[in-house]
Amino acid sequence: MKTILHEQFGINAIKVEKLSGLDNANYLVETLTEKYIFKTYPYTQDTLTLVEAENNALLFLQNEGQRSIQTPIPSKNQRYTALVNINGQECICRMLSYLDGKFLVEVPHTKKLFQSFGKFLAQLDLKLQEFTDYRIAARKLKWDIQHLHLSKKYLENIPKNKDRSIVHYYFKQYEENVLPFLPELRTAIIHNDANEWNVLVAQEEVSGIIDFGDMTHTFLINELAIAITYACYDKDNPLEWASIVLKSYHEILAVQEIELEVLYYLIAARLCISVCISANTRAKNGDNEYAFVSEKNAWQMLYRWLAINPIAAENCFREAAGFPAKNPPAVEKIIEKRNKYLSSILSVSYDAPIYMKRAAFQYMYDAYGNTYLDAYNNIPHVGHSHPKVVEAGQRQMAKLNTNTRYLYDSLNEYAEKLLSKFPDSLNKVYFVNSGSSATDLALRMANIHSGHENVMIMEHGYHGNTLAAIDVSYYKFNNPKGRGKKEHILVAPIPDTYRGKYTNDNGSAGRSYAEEAIKLVENSETPIGAFISEPIIGCGGQVPLAKGYLKHLYPAIRKQGGICIDDEVQTGFGRTGDHYWGYEAQEIIPDMVILGKPMANGHPMGALVCTSEISASFENGVEFFSSFGGNPVSCEIALSVLEVIDEENLQENAKIVGEYYKSILSGLQKRYPCIGDVRGSGLYLGVEIVKDNSMVPDTGLAHYIKNELRNRHILISTDGPNNSVLKTKPPLCFSKEDAFKTVEQVDHILKIHYKT
């Protein structure tokens, strides 16, 4: 190497040290009096063209008085590049001056330093606005945020499914929130890589910037997006630090409002490019540690970025640039408009209702910039706005949506995939629009098959909002405003091992409760046509059926010709952790299963799964048809939900996180006498709030805890006959960290409660 340096550049090196590099080799060269950076690249004509363009840019900046960059050193023949042979390979080489200073990553970060960083970049970009080079303008670079799509093919190289979904989500967000505005964004040639290993610092000031190898013609705001990404990705409060850089940049080179509107998503996009390229490099060349120097921090910031409401980010950026915040209408105005067109019978959650705008995975974002941890909403089963689910719906909606009187593949494919999750006896499926419709259909089919109208239901149970579903929903008809119990309904006492008379949940309580229900069956003047129950009684206060209850009761129902209907609307699809379906905990197989809510992650879809014998009885009657049930869009969305559950191991996550969640809630129970019971399974839990050291429901305290959590931006709800049970049933992507945060806040609330 020393020979090449002497022959090409006339430099007598006393020391040559190889430095880190990704696509080229870099060397620190020392002579008796000077230091240089020597760079080599495998020869291609395209590479030579770009290296010459980079040299051209550096020379231009030098002429413009920019002294904080490296100077190209001419070779003996007065050219700034040379072709050499290194170990039998033809290479391009060039020499650059050496810049003193520590890298940004090596020094303490201060407000003064970040102000200097913003001003430095703005001054650099101002000079570059006068620079043109067709060779740079023509390149299509994978590190250029405007070409985010070039990294999409690397998604499959991200090893963890959850990580991959987060990145995929931001790809979708870029398409929605950036692509439509690209024609309005200013373009320029920018450095395009102001990362922590390219920015030099001396005495709390940015003193220089190196590596113009990713220089490109792109959107001007990308310079800031990249700088903020790398300056802030190890920060607990990235927006605060980002604002410092942005404000000082804006003072030199004004940022436009439209650029601030997309900046949140551009920062996310740069993070996605970084982790995608790292994943691809690891798959191809896992021993190049330089390629992964930023990977850990990038992932850390990407998850932290997800917890930031995009509206909060934009308003923070607007404030830094001196623009007024965007102010949506007050909640009172939204409620006023709602009440103008809708009935007040449609209730809203919380004393202070929330005006929501967006949601992602376990987070919900309101219109005022607040982020809420969703520990409550079990309908977006695999997470709010899951990109695979969104993409499935968009893709199919653009191709075909019709009804089941036509033939299309998705109906058969989804039916096959869904039924593969059930035992062989449950082999027929009917698609409808909701769990309520599925309940209605189940009762109709049970009546036809059994020939009897009588239905046994569970005390405090709920099965939907249709007339027939309300008739079998104790929670509704037994309400003081309800219509009361119909004559054909029998009510079995809830097998509650906390409040009931049988409390030993070792199987004996389940047997005793079942025996009481069996007596109701035996004493009925007419046979029972159907028995319907949830495995965990949600509106009863998240009460799991006592162990063995259904194992003893089901045979008695079947013995007199009845149908056993299991309602999995809230407990199915892996939510209970130990089992894919809640009924499995009871060691039985029902005759019918009702599905809804999470089946399509919030898209309106329900289903009834039953045996071929029950289906055959129904087929003898009039045609069954649902205009929307089983349409191609619904089927594709629902199929994607099944795939995500499997790919991201969400049932296992529900088990692991649910056990942890339940254990730390039980820890609170030992410290606070108002917690009477902690129950449930997986991510379907209930916490019963009582008057201290009693069994008396404390509705007021439960209500207070729920609303205080809401004020602390955590969403749960209350349920049970006295609305005294805190219920938490979050999306299955909920993490241990999320569970800890929720319980930690409950702890803080109760500490305050007991102090007062």
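Proximity of a side-chain donor or acceptor of Lys119 to a complementary backbone N or O of Glu251 within less than 3.5 Å is not detected. With Asn653 contributing its side chain and Phe734 its backbone, the two residues share a donor-acceptor pair below 3.5 Å. Within the 3.5 Å criterion, the main-chain N or O of Ala227 finds no donor-acceptor partner in the side chain of Arg270. Between the side chain of Lys153 and the backbone N or O of His149, no donor-acceptor pair lies under 3.5 Å.
Phe171 and Cys272 make their closest contact through CE1-CB, 4.4 Å (heavy atoms, listed as atom of the first residue, atom of the second, distance). Heavy-atom minimum distance, Tyr249 versus Asp125: OH-OD2, 2.7 Å. Scanning both residues, Asn177 and Arg358, for their nearest heavy atoms gives ND2-NH2, 3.5 Å. For the pair Leu306 and Ala360, the tightest heavy-atom approach, listed with the atom from each and the gap, is CD1-CB, 3.9 Å.
When the shell of 6.0 Å around CZ of Arg79 is examined, it contains 12 or fewer heavy atoms from other residues, nucleotides or ligands.
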Item to complete: Take Ser165 and Glu648 through the side-chain hydrogen bond (donor to acceptor under 3.5 Å, both in side chains) test and state the conclusion after the steps.
Response: CA-CA 9 Å; Ser165 291; Glu648 298 186 13; 2.3 Å; yes
Worksheet entry | side-chain contact (heavy atoms from CB on, under 4.5 Å) evaluation trace for Leu50 with Arg139 | CA-CA 9 Å; Leu50 289 171; Arg139 74 189 309 199; 3.6 Å; yes
Worksheet item: Hey, mind stepping through Asn161 and Asp163 against side-chain hydrogen bond (donor to acceptor under 3.5 Å, both in side chains) and telling me if it holds?
Response: CA-CA 5 Å; Asn161 289 298; Asp163 290 346; over 6 Å; no
Discussion item. Quick one, Lys326 with Ile311, criterion side-chain contact (heavy atoms from CB on, under 4.5 Å). Give me CA distance, side-chain angles, the key distance, then yes/no.
Written reply: CA-CA 8 Å; Lys326 289 185 174 179; Ile311 296 171; 5.9 Å; no
Worksheet item: Step by step, would you call Gln362 with Asp738 a side-chain hydrogen bond (donor to acceptor under 3.5 Å, both in side chains)?
Response: CA-CA 9 Å; Gln362 69 269 45; Asp738 298 327; 2.8 Å; yes
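Tyr154 places a side-chain heavy atom less than 4.5 Å from the side chain of Lys142. Proximity of Leu302 to Ile166: side-chain heavy atoms (C-beta onward) are separated by under 4.5 Å at one or more points.
Counted by atom type alone, Asn370 and Asp366 present one or more donor-acceptor pairs between their side chains at under 3.5 Å. Under the 3.5 Å distance criterion, with hydrogens and angles disregarded, a donor-acceptor pair is assigned to the side chains of Arg94 and Asn55. Looking only at atom types and distance, the side chain of Asp193 has a donor-acceptor partner in the side chain of Asn198 under 3.5 Å away. Side-chain contact, Asn237 with Glu240: a donor N or O sits under 3.5 Å from an acceptor N or O. A donor and an acceptor atom, one from each side chain of Asn327 and Tyr368, are nowhere located under 3.5 Å apart. A side-chain N or O of Asn280 and one of Asn157 form a donor-acceptor pair less than 3.5 Å apart. Counting only N and O atoms by type, the side chains of Gln89 and Asn87 include no donor and acceptor under 3.5 Å apart. In this structure, a donor-acceptor pair under 3.5 Å is absent between the side chains of Asn309 and Thr371. Side-chain contact annotation: Arg186 with Gln129, donor-acceptor N/O pair under 3.5 Å absent. Side-chain polar atoms of Glu204 and Thr110 form a donor-acceptor pair below 3.5 angstrom. Looking at His168 and Lys152, their side chains never bring a donor and an acceptor atom within 3.5 Å of each other. With no hydrogens or angles considered, no side-chain donor-acceptor pair links Ser97 and Gln70 at under 3.5 Å. No side-chain donor from either of Gln78 and Tyr80 sits under 3.5 Å from a side-chain acceptor of the other. When only modelled atom types and interatomic distance are considered, Gln66 and Ser68 share a side-chain donor-acceptor pair under 3.5 Å. Between the side chains of Thr44 and Asp46, not a single donor N or O lies within less than 3.5 Å of an accepting N or O. For the residue pair Gln62 / Thr71, a side-chain donor-acceptor distance below 3.5 Å is found, with atom types taken as modelled.
Comment: Glu175 engages Lys172 in a salt bridge, judged by a side-chain N to carboxylate O separation of less than 4.0 angstrom. In summary, Glu156 and Arg164 do not engage in a salt bridge, as defined by a charged side-chain N under 4.0 Å from a carboxylate O. By the 4.0 Å N-to-carboxylate-O rule, Glu54 lies too far from Arg135 to be salt-bridged with it.
Annotation: the span from Leu220 atom CG to Ile189 atom CD1 amounts to 12.0 Å, rounded to 0.5 Å.
Trp299 and Tyr303 have tilted rings, their planes meeting at an angle from 30° to 60° on a 0 to 90° scale. Classified by interplanar angle (parallel below 30°, tilted 30° to 60°, perpendicular above 60°), the ring pair Tyr27/Phe38 is tilted.
Annotation: His384 is not in aromatic contact with Phe361 [ring centroid separation under 6.0 Å not met]. When ring centroids are compared, Trp197 and Tyr230 stay outside the 6.0 Å threshold. For an aromatic pair to be called close, the ring centres must be under 6.0 Å apart, and Phe60 with Phe131 satisfies this. No close placement of the His386 and Tyr169 rings is indicated, their centers lying 6.0 Å or farther apart.
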